[in-house]
Amino acid sequence: MTIPYHFDVTRTAASLSEEFAHLEPGTETTQVVAVAGRVMLRRVQGKLAFATLQDSSGRVQLFAPSASTPRFDDFAALSIGDWVGVTGEVMTTRRGELSVRVDTWELLAATRRSFPDKWHGLADVDTRYRQRYLDLWVSEEARATALTRARVLSLTRRWLEDRGFVEVETPVFHPIPGGATARPFTTHHQALDIDLYLRIAPELYLKRLVVGGLERVFELARVFRNEGLSTRHNPEFTMLELYQAYADYTDVMALVEELVAHLAIEVCGTTVLTYDGRALDLTPPWRRATMVELIEEHTGVRVSLATPLEELRRVCETHGVVVETAWGPGKLVLELYEKTTEAQLWGPVFVCDYPQEVSPLARDHRSEPGMVERFEAIVAGRELANAFSELADPDEQRRRFAEQAAQRAGGDAEAMVVDEDYLRALEYGLPPTGGLGIGMDRLVMLLTGTTTIRDVILFPTLRPEQTE
RNA sequence: GCGCCUCUAGCUCAAUGGCAGAGCAACGGACUCUUAAUCCGCAGGUUCUGGGUUCGAAUCCCAGGGGGCGCACCA
């Protein structure tokens, strides 16, 4: 039997069950359709065969009487997992099951391997991740999650474009890793004979574009961080970054809560969700609270950057935070927040105003000395977004880079590297700008109710299989 | 990187120191309204790998490998 090069599909399974939902048992519609997909179930009864065809939209039954089905014996012998194309009349059986009668059919691909158990599917998560092509057939949730992810990205693009944002693509290879503090992957370009880094964030290039006059830009950027794996971390993941000229971080807060609420309504039909067994109300406006307020709520201690260092260290130690002598007040406050408070937050909440010491790309707070205008959005106990009023002053940026360089010299492999070209761009003038990063994988987790990032990434990073 | 758990047929799982098994899938057969069809038959194994203890190891011990979870790391 030769495999055709082409098959004309006229209908999906889902469109048939939608259009013909209410046919009486024993109906013949005279409507001839062509469907294609994989045989996922098969019930042969001698001179009559039933098969369940599954395509990317859903399932529909195939009805094959030996009297009218060409090559009936071959059809009845199809294996679970074989691809077929079928044309025939839409009908219902005596029992009322919507079916396509097999008037003509073609084998489109045979499976040489047995499909997973038709009832239990795949339980081994390793197999599900490594052989996602099977998981997608066997697990309704896997398919639904993949489609939801696509929809979230598409809706995000449309929502931003409706607000005048332009989608751009910036380099994945960076001569200098920048825009975040994280360990990069390195690679080498042979012809140029230089080391390059896979980007840890697109931030510095996107802000160059704002300097270039693209006043509202965004990128759905695959970024790469050479760090640990967990249910919330994959070495490559997708980050939405956007920059809006003439805006500050309060404008960005409004944007974040509106975008997330919009996606929740489109995907879940509501902004009132349950995640991991807990209620989560994404209805705007979200709570806004400063970091020091939240620390006080959770520890009972009011600290500030003006608190004497010795006292800050003592507060940290009484709360089980191991401190290093090189840390300044900003780092101490941040550590105190992360160790005592962040894990307790459920949100949604905008945690506002971070120490300048730990935020080298954010602009000084307009009224809080030593602080910058930065927030993180904590949603369902996870950091979902990070944003700030962007630092535009090249002299101040140079000073911040120098601080980072000193930390790097002191052994901090994640401290930033001075980027002279970025400073040159700032010297041409960056207008007041609000910037944002959202972890799209975590957002999809939220909207699909999944609790491991590997469920929202089709091919998560795994150790390679031993091939021997 | 550390700790705990786990790995048996293509898939889902039994066998808890005493003959490696079942269901589904595959393969052969019966069956003209099934719905995880049913019935009969057949075949399927480096029990993750290597060592050890034992009369005897899927089972106990050691080492290694894969995976999961937690910790650490992590804008």
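Just so it is clear: chains get the letters A, B, ... in the order the sequence lines come, proteins before strands, and each one is counted from 1.
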Could you note down all residue pairs passing side-chain hydrogen bond (donor to acceptor under 3.5 Å, both in side chains) where residues 115-127 of chain A supplies at least one of them, sequence neighbours left out? A/D117-A/H120, A/D124-A/T127, A/D126-A/R130
Quick one: which residue pairs count as a side-chain hydrogen bond (donor to acceptor under 3.5 Å, both in side chains) with a foot in residues 336-352 of chain A, not counting sequence neighbours? A/E335-A/K339
Measure from the side chain of A/T93, starting at C-beta and using heavy atoms only, and say which of B/G67, B/A25, B/U35 lies closest. B/U35
For nucleotides 8-13 of chain B, which of its nitrogen or oxygen atoms have a protein nitrogen or oxygen under 3.5 Å away, and what is each distance?
unit_1 : atom_1 : unit_2 : atom_2 : d
B/C11  : O2'    : A/D117 : N      : 3.0
B/C11  : O2'    : A/G121 : O      : 2.8
B/U12  : OP1    : A/A123 : N      : 2.9
B/U12  : OP1    : A/D124 : N      : 3.0

Let's see if you get this right: which residues in residues 220-238 of chain A place a heavy atom under 4.0 Å from RNA chain B? A/R225, A/E227, A/G228, A/T231, A/H233
For nucleotides B/U38 and B/C31, find the distance between their C1' atoms and express it as a whole number of Å. 9 Å
Contacts satisfying salt bridge (Lys or Arg N to Asp or Glu O under 4.0 Å) that involve residues 349-365 of chain A (not counting sequence neighbours) are A/D364-A/R400
Does anything in residues 342-354 of chain A come within less than 4.0 Å of RNA chain B? Heavy atoms only, and list the residues if so. none
With rounding to whole Å, what would you report as the distance between B/U47 and B/U59 at their P atoms? 10 Å
Return the residues of residues 27-41 of chain A meeting this criterion: a heavy atom under 4.0 Å from some atom of RNA chain B. Order them by number, or give none. A/L41
Ranking B/C31, B/A36, B/A26 by distance to the side chain of A/W119, first place goes to B/A36
Enumerate the protein-to-nucleotides 39-44 of chain B contacts in which both atoms are nitrogen or oxygen and the separation is below 3.5 Å.
none

If you measure from the C1' atom in B/C33 to the same atom in B/C40, how many Å do you get, rounded? 22 Å
Within residues 30-43 of chain A or reaching into it, pairs that qualify as salt bridge (Lys or Arg N to Asp or Glu O under 4.0 Å) - sequence neighbours excluded: none
How far does the P atom of B/G51 sit from the matching atom of B/G41, given to the nearest Å? 41 Å
Quick one, which residues of residues 440-449 of chain A touch RNA chain B with a heavy atom under 4.0 Å? none
Using the P atom on both, measure B/A26 against B/C61 and round to a whole Å. 40 Å
Same-atom distance (P) from B/A58 to B/U8, integer angstrom: 15 Å
Where are the stems of RNA chain B, defined as at least 3 consecutive Watson-Crick or wobble G-U pairs with both distances under 3.5 Å? B:1-7 with B:65-71, B:10-13 with B:21-24, B:27-30 with B:38-41, B:48-52 with B:60-64
Verify whether the ring centers belonging to A/F388 and A/Y249 lie closer than 6.0 Å. no
Ring pair (Phe, Tyr, Trp, His ring centres under 6.0 Å) pairs touching residues 40-66 of chain A, sequence neighbours excluded, are A/F50-A/F63
Residue A/E18 excluded, over 12 heavy atoms near CD under 6.0 Å: no
A/D126 side-chain proximity, nearest of B/G67, B/C27, B/A37: B/G67
Ranking B/U35, B/C69, B/U32 by distance to the side chain of A/K47, first place goes to B/U32
